[in-house]
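Heads up: the structure comes next, in structure tokens.
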Amino acid sequence: MLESLCAWLEKTPLSAGVQNVGWIIPASQIVHILCLAAVLFSALSIDLRVLGVGARRTSLDGMAAHFLPWIWTAVPLMAVTGAILIIGEPRRDLLNPVFQTKMLLLICALAATLGIQSIVRRAAADRPGWPLRALAVGSLAFWFGIAVCGRLIAYAT
Ligand code: HEM
């Protein structure tokens with residue numbers, strides 16, 4: 001099924017446009033990588049605060065209120081720029097096991113972030129219990145795993 005999706009996608013005028021208009025791929029890569037910085041910095045700030053490392057003078061819900069909007073803004077932008085890169089070279093990404101792993105990790109990272117958001121909003125507790133701590137550890141592993149997979153896609157084509 002993925003194979004036929006790629007075969008169809010690469011013959012569309014949209015795919016030809018992405019490949020032939022010189023600035024589209026570099027511009028998408030630049031936006032993707034700037035958003036990556038925003039996501040990783042925000043996730044790191046929230047997760048380390050949950051784990052009691054640094055920023056102790058700022059409340060947990062204050063940290064979450066400050067950094068979560070960055071994540072919820074940057075991830076959709078990454079989805080759009082990532083989709084543009086996929087449209088340009090569908091086989092390189094969609095059939096690539098490293099890309100597929102990245103997408104699986106993305107689902108896990110989004111679930112962990114939603115979990116953190118809901119616990120922090122509900123409890124507004126400044127003494128995080130084990131579920132919140134476990135989510136913070138998971139979130140760190142998932143977001144950084146996604147970044148590693150993103151870079152490794154190029155080597156697994
Ligand atoms: C939201 C959905 C996302 C999609 C659809 C997507 C898709 C892509 C695609 C197609 C590439 C190009 C891979 C290649 O052909 O070499 C890429 C690169 C990359 N992505 Fe994503 N991505 C997404 C989210 C993320 C997130 C959340 C992160 C990090 C937290 C991330 C990190 C990276 C990195 C580090 C690269 C390599 C950039 C480079 O070396 O130029 N991506 N992504």
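Nothing fancy with the numbering, it's 1 onward along the sequence. First listed ligand is number 1; within each ligand, the first listed atom is number 1. Atoms considered below: every heavy atom in the structure, side chains included; atoms not considered: hydrogens, waters and symmetry mates. If you're wondering where the values come from, they're calculated on a predicted model, not measured in any experiment.
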Under 3.5 Å, is there a donor on one side chain and an acceptor on the other for Q117 and T113?
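Distance-only check fails for Q117 and T113.
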Among all protein heavy atoms in this structure, tell me which lies nearest to [atom], with the distance rounded to 0.1 Å.
| atom | value |
| --- | --- |
| atom 26 (C) of ligand 1 | M78 CE, 3.3 Å |
| atom 7 (C) of ligand 1 | G82 CA, 3.5 Å |
| atom 9 (C) of ligand 1 | L85 CD1, 4.1 Å |
| atom 42 (N) of ligand 1 | K102 NZ, 2.7 Å |
| atom 4 (C) of ligand 1 | M103 CE, 3.6 Å |
| atom 2 (C) of ligand 1 | L106 CD2, 3.5 Å |
| atom 35 (C) of ligand 1 | A147 O, 3.4 Å |

Measuring only between side-chain heavy atoms, which start at C-beta, is [X] closer than 4.5 Å to [Y]?
| X | Y | result |
| --- | --- | --- |
| H66 | T58 | no |
| I107 | F142 | no |
| F67 | L44 | no |
| I25 | Q29 | yes |
| L132 | L60 | yes |

Are more than 12 heavy atoms from other residues, nucleotides or ligands located less than 6.0 Å from atom CH2 of W70?
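No, the 6.0 Å shell around CH2 holds no more than 12 heavy atoms from other groups.
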Distance-minimising heavy-atom pair for [X] and [Y]:
| X | Y | answer |
| --- | --- | --- |
| S28 | I84 | OG-CG2, 3.4 Å |
| I146 | K102 | CG2-CG, 3.7 Å |
| M63 | S45 | CE-O, 3.4 Å |
| V18 | G88 | CG1-CA, 3.6 Å |
| D47 | S139 | OD2-OG, 2.5 Å |

Atoms of ligand 1, numbered as shown, that sit under 4.0 Å from any heavy atom of [X]:
| X | value |
| --- | --- |
| D93 | 10 (C), 13 (C), 14 (C), 15 (O) |
| I86 | 10 (C) |
| I33 | 38 (C) |
| L36 | 29 (C), 30 (C), 32 (C) |
| R92 | 14 (C), 15 (O), 16 (O) |

Is the closest N or O pair between R151 and ligand 1 shorter than 3.5 Å?
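N/O-N/O distance below 3.5 Å exists for this pair.
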Considering only N, O or S atoms of H32, the one closest to atom 21 (Fe) of ligand 1
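Answer by atom name: NE2.
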Heavy atoms only, cut-off 4.0 Å: how does [X] contact ligand 1, side chain, backbone, both, or neither?
| X | answer |
| --- | --- |
| Q29 | neither |
| T81 | neither |
| F99 | side chain |

Looking only at non-hydrogen atoms, which of A79, G150, A156 approaches atom 37 (C) of ligand 1 most closely?
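Heavy atom nearest to atom 37 (C) of ligand 1 belongs to G150.
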Does ligand 1 have any atom that is closer than 4.0 Å to a heavy atom of E89?
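No, that is not the case, since the closest heavy atom of the residue is not under 4.0 Å from the ligand.
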